[in-house]
Structures are given as C-alpha cells and as structure tokens.
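Sequence lines set the chain letters: A, B, ... in the order given, protein chains first and strands last, and positions in each chain run from 1. Not measured: the values here are computed from a predicted model.
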Protein chains: 2
Amino acid sequence: MKKEKALYREFLKSKNLKLTKPRLIILEAVFKNNEHFNVDDLYEQIKRNHQNVSRATIYRTIPLLVESGLISQSLRCESKDIYEHTYGHENHLHFICSNCGKIIESGFNEVEGLIEQLANKENFKIQEYNLGARGLCKNCRE
Amino acid sequence: MKKEKALYREFLKSKNLKLTKPRLIILEAVFKNNEHFNVDDLYEQIKRNHQNVSRATIYRTIPLLVESGLISQSLRCESKDIYEHTYGHENHLHFICSNCGKIIESGFNEVEGLIEQLANKENFKIQEYNLGARGLCKNCRE
DNA sequence: TTGCTTTTGAGATTCATTCTCAATAAATAC
DNA sequence: GTATTTATTGAGAATGAATCTCAAAAGCAA
C-alpha cells in the first residue's frame, strides 16, 4: 500500500493532477478490497468506512488508476465493469464459471510467451492482456 | 450458409421454437456480415436490404444464435457488445488496437493446448474461450 | 375455419456510465 | 497572510445499450 500510494502520487504529478482527499480515499478503498471489484463495491466500502466520495468521482478516478498501471479492467459481470489489482500481481488468466459466477485465477507464464510471439508476428505491441475462458467449475460440473 | 441454416432450424426445433421470418432474416444478416458485428450493424444491414425487423427482435434472437453455437460474444467496443461467427471458424485470439479500434485475429492452436492443461489442473471445463490483448497495432505504434 | 400458443413491434423502462455546472479546494501570485 | 487562477468535486440530469411490457399478428393443430 505504501508503494501503490507512491506510484499513484508520482503518476498524478506527472500529469499535473493533484492527490486530493477523494482520490486518496478511493485509492485506499481499491487496495483494501480484494482483487476484483466494481464501482459499487468501492462506493459501499467507502461509505461503510464513514467516508464520502460521490459515484461521479469514483467513475472519474478509475481511469486514472488504470492509466497509472495500478489496476486494470478485467471482466464484465452482471453488465458492470469489473476491475482488478495489477500492481504487484502477476498476469493471470480467468476461468469464469458460467453457472455460479466463480472466478478462478490460473497461471500465465507459459501462455504469455506464446502470445507475445503471435503479437510480434503481427507487429502488435501488447499493453494489456485479457485472457479467460467461460465454462463450468469443479462444483458445477455435476 | 446452408449448413448454418440447417443447424439453426435443428436447434430451434429442439427448443420448440419456430423458424419465423424475422428469425430467418436475422440469421441471413448475421452471416452476410463479416465476422464481427453488433446489434446496430445487423439492424442497418437488414434495413439496407429493404427488410424490416425491430431492434427488440434482434436483441431477443441473438441469445438463441449464441446458444445454438453459431455465434458468440467476443468483445465490447464503444460500450456495445460485439459478436462473431463461431460456426466454421477456428478459435482465435484478438489483438485490439486501443488507439484505432482495429481487431486483428491471430492463431490459437498452440495456446489452446496450454490453456486446456491449466483448466484441467483446476478441474474446470472450458465451454468458450475469450482470449485477447489490447495494445497498439502496426500503424498506431508510431 | 376456430381456438390456442408463440412471436413480434413499438415504445416505455432500467440501469451503468458520462456529462454539466455551480460550489469548493488547491496552488500560485502578490 | 489575502487575492486570483485553475483544478476538482458532488448532485443530479442526460445518455444510450439492453431489457421489458403488452396488445396485435403470426403460426399451428384440429
């Protein structure tokens, strides 16, 4: 959380943006959450903590967090955008259970190299991976 | 297009649904389109062809096409759901240019095996892949 | 045909996200 | 410190894709 904050501050400064109180509250909520969250999760968490930030500000702040590399958009669930921590987390792929909605994370290393090769073939510079598959999890297979 | 239609008819019958005129018009529009399309694309294409189907019906029909395996949801672009042909198309992964929106398709075979292994490790049964990466295409790299 | 079920079109509704704009806060100049 | 300028915020309005409603139309069986 220390490093995240430093990085954020750095990023904002480089963009001539200010590390205001709402932006700080949002940062803290993001990293107090477990890895996957959506805007409502943040909003509720902040309220639960007796703080207050408007939804508008959350919506405005998320792109900053994404651009700074701290989080990234990962999936959609129930027609809401879902984000996840990026900083300090290995890339990974998602297996999403189409029955119960469970998200399973799985390794990535081996896959990454391959995909990079494919990208190179197309002269494409990857900024952000988006790898997953839908299907049935262990429990729902029966 | 022959096979697609047969498959569709088959599927509808198995669900006790009827192959009505609007449903047929939509099927034709879907497969006259090139691979990626959204609801508006279909709607416009149908109108251009001097036919008429309401947006509501398109929205209602797409899930049927997905369930039948003829198409699948692939990406979102400009906050619209995008679909793609599945039937008769190899699985592939998408490189999406975050600058110009271009979609590049790339091979898959080698990746598929790896990912399947990872899924097996989790006892997860894959139904549908969703593999891609955002970044900059050849033209936008400069 | 008649009666019954499914499907459709049109418009209303929902709901996540974005936008607007007046009020506030931060930063800088004086 | 105060005044001035600029960036940011909150509240609610607006947007727009997707879904829902319901009366009318189409399909189907007998």
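Looking only at distances, no side-chain donor or acceptor of B:His89 sits under 3.5 Å from a matching main-chain atom of B:Ile71.
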Can you list, pair by pair, the side-chain donor-acceptor contacts under 3.5 Å of residues 121-130 of chain B, counting residues two or more places apart and other chains?
from     : atom 1 : to       : atom 2 : distance (Å)
B:Asn123 : OD1    : A:Arg141 : NH1    : 3.0
B:Gln127 : OE1    : A:Ser98  : OG     : 2.9
B:Tyr129 : OH     : B:Glu116 : OE2    : 3.2

What string of B, S and - do you get for nucleotides 17-30 of chain D, 5' to 3', if B is base contact, S is sugar-phosphate-only contact and - is no contact with any protein heavy atom under 4.0 Å? SBBBB-----SS--

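In this structure, B:Ile58 places its CD1 atom 9 Å from P of C:dG9, rounding to the nearest Å. Protein atom NZ of A:Lys13 is 17 Å distant from nucleotide atom P of C:dA26, rounded to whole Å. The NZ-P distance, from A:Lys15 to D:dT8, rounds to 12 Å in whole Å. When the P atom of C:dG9 is taken as reference, atom CZ of B:Arg23 falls 11 Å away, rounded to whole Å. In this entry the distance linking CG of B:Leu17 with C1' of C:dT5 reads 12 Å, nearest Å. Per the geometry, CD1 belonging to A:Ile62 stands 14 Å off P belonging to C:dA16, to the nearest Å.
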With side chain to side chain contact (heavy atoms under 4.5 Å, CB included) as the criterion, how do B:Phe95 and A:Ile115 come out once you've worked through the C-alpha distance, each side chain's angles and the decisive distance to 0.1 Å? CA-CA 10 Å; B:Phe95 294 125; A:Ile115 290 182; 4.0 Å; yes

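One finds no side-chain N or O of A:Ser54 lying less than 4.0 angstrom from the OP1 or OP2 phosphate oxygen of D:dA11.
Taking the side chain as every heavy atom from C-beta outward, A:Leu70 and A:Thr86 never approach each other to under 4.5 Å.
Checked against a 6.0 Å centroid threshold, the rings of B:His36 and B:Tyr83 do not count as neighbours.
Around atom CD of B:Glu10, no more than 12 heavy atoms belonging to other residues, nucleotides or ligands sit under 6.0 Å away.
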